[in-house]
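In this chain, residues are counted from 1 in sequence order. Remember, it's 1-based here, ligands and their atoms both numbered in the order they're listed. Since we're looking at a predicted model, the values are computed, not measured.
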Amino acid sequence: MKKEDLDRIRAEVQGDFFYYESVGSTNAEALKYANAEDKSLFLTQNQTAGRGRMGRSWENSCGGVYMTVLLKPEGISENISSLTLASGLAAARVIPNSTIKWPNDIILGDKKVAGILAETRVSGKNAVIAVGIGINVNNPEFSGDLAEKATSMYLYSGETQDITEIVIRFYTEFLKIYEDFKKSGFSKIKKEYEEKCVTLNREIVVLIGGKERIMTVKGINEKGELIAIADGKTEIINFGEVSVRGLLGYA
Ligand code: BTN
């Protein structure tokens, strides 16, 4: 990134700002520098060992941006797990026309444009949370398996995007939501999240412990968990342990 772009970003960052020409994983860096300021930002456009949800990897692809916000809330709140939904909402606000596939895949059309991985380390009475997001911004194409599942803001809109602006807007929007979230947890953003969530009222395939089950989603509870019905029984689906996909197409 150019110096003036980095300066523009640095001016908005409330904690420390770490920029890498290339790095293994911005989440790993954030956890390594856990003594950095609250709300520090770790940023790169070239990630060589990106981590995804469910132990998967997150592929590096030209035109993408990879960043992690380090959060150091006081105490360990039970809201931590639904914080990942808050970051999904921030991304959806920043990526025009996007929707959210629960818990936090960001979708454009019916392909994934961004993914979020929050990793938490608890030390004593406090938690350190690395909220990482990869956004496909100006990627001109995807190869192999990804071609069917992934898109970029550029591919969707036909217009080259200002990556610096996307970084600043995600960071600022996320911290706004985070402040609300600290006060009132998921409930404050639940309505907006539900409006953007394509998983609601759909039949989904849930992968739990290697087994696939078909369920119908009825809603989201105050903790951000899915309320689903399977075989006439209501079940609560918690993130972390499950992978969800629609019956038709990716989303
Ligand atoms: C997913 O599986 O959908 C989540 C992908 C999260 C990728 C981001 S890129 C920045 C940060 N650093 C990582 O190693 N992973 C996250």
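Near ligand 1, heavy-atom contacts under 4.0 Å come from Ser25, Thr26, Asn27, Gln47, Gly50, Arg51, Gly52, Arg53, Trp58, Tyr66, Met67, Thr68, Asp105, Lys112, Gly115, Ile116, Leu117, Gly132, Ile133, Gly134.
A donor and an acceptor atom, one from each side chain of Asn138 and Gln161, are nowhere located under 3.5 Å apart.
For Lys183, there are no salt bridge (Lys or Arg N to Asp or Glu O under 4.0 Å) partners, not counting sequence neighbours. A search for ring-ring contact (aromatic ring centres under 6.0 Å, His included) contacts involving Tyr171 returns nothing, not counting sequence neighbours.
Aromatic ring orientation, Phe17 versus Tyr19: tilted (interplanar angle from 30° to 60°).
No side-chain heavy atom of Ile227 sits under 4.5 Å from any side-chain heavy atom of Ile220.
Residue pairs meeting the salt bridge (Lys or Arg N to Asp or Glu O under 4.0 Å) criterion with at least one partner in residues 83-100, sequence neighbours excluded, are Arg93-Glu173, Arg93-Glu192.
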